[in-house]
Amino acid sequence: MPRVWVDGLPVQVAEGARLTSALGLPPVACRDLSGAPRGPLCGIGQCFECRVRVDGRETLACLAVALEGMQVRRD
Ligand code: FES
């Protein structure tokens, strides 16, 4: 099972799982300009509510497969 790092904390995810499964329950992917939490809605890359930064690049968590050692930032 791959281990990814979410905001500096280790999270173990199932092999082949999307990054959304590493964001916790309820899943908080990012925050809007007011600081309110935003989370995955559609799960198919259409709503952009699951934006995270993976190894410094903006990514949709619902489309990205979790790989060992990924550094995920939700800010
Ligand atoms: S959950 Fe909608 S784009 Fe990822």
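Each ligand, and each atom within it, is numbered from 1 in the order the structure gives. Keep in mind that the numbers below use all heavy atoms, side chains included, and drop hydrogens, waters and symmetry copies.
Of the protein's heavy atoms, Gly43 N, 3.2 Å lies nearest to atom 1 (S) of ligand 1.
Here Leu41 has backbone heavy atoms under 4.0 Å from ligand 1, and that is the only part of it that gets that close.
Contact annotation: the side chain of Glu68 approaches that of Arg3 to within less than 4.5 Å [non-hydrogen atoms, C-beta and beyond]. Between Leu23 and Arg74 the shortest side-chain heavy-atom distance falls below 4.5 Å. For the pair Val13 and Pro2, the minimum side-chain heavy-atom distance is below 4.5 Å.
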Could you give me the CA-CA distance, side-chain angles and deciding distance for Thr59 and Arg53, then say whether side-chain contact (heavy atoms from CB on, under 4.5 Å) is met? CA-CA 6 Å; Thr59 303; Arg53 296 190 74 77; over 6 Å; no

Does the pair Trp5 and Val11 meet the rule for a side-chain contact (heavy atoms from CB on, under 4.5 Å), with working shown? CA-CA 6 Å; Trp5 299 83; Val11 178; over 6 Å; no

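Contact atoms of ligand 1 toward Gly45: 3 (S) (distance under 4.0 Å to a heavy atom of the residue). Atom numbering of ligand 1 starts at 1 in the shown order; those under 4.0 Å from a heavy atom of Gln46 are 3 (S). Atoms of ligand 1 found under 4.0 Å from any heavy atom of Phe48 (numbered from 1 in listed order, with element): 2 (Fe), 3 (S).
Note that CZ of Arg51 is 6.5 Å distant from CD of Glu49, once rounded to the nearest 0.5 Å.
One of the N, O or S atoms belonging to Cys62 lies under 2.8 Å away from atom 4 (Fe) of ligand 1.
Of the candidates Cys47, Ala61, Cys50, the one placing a heavy atom closest to atom 2 (Fe) of ligand 1 is Cys47.
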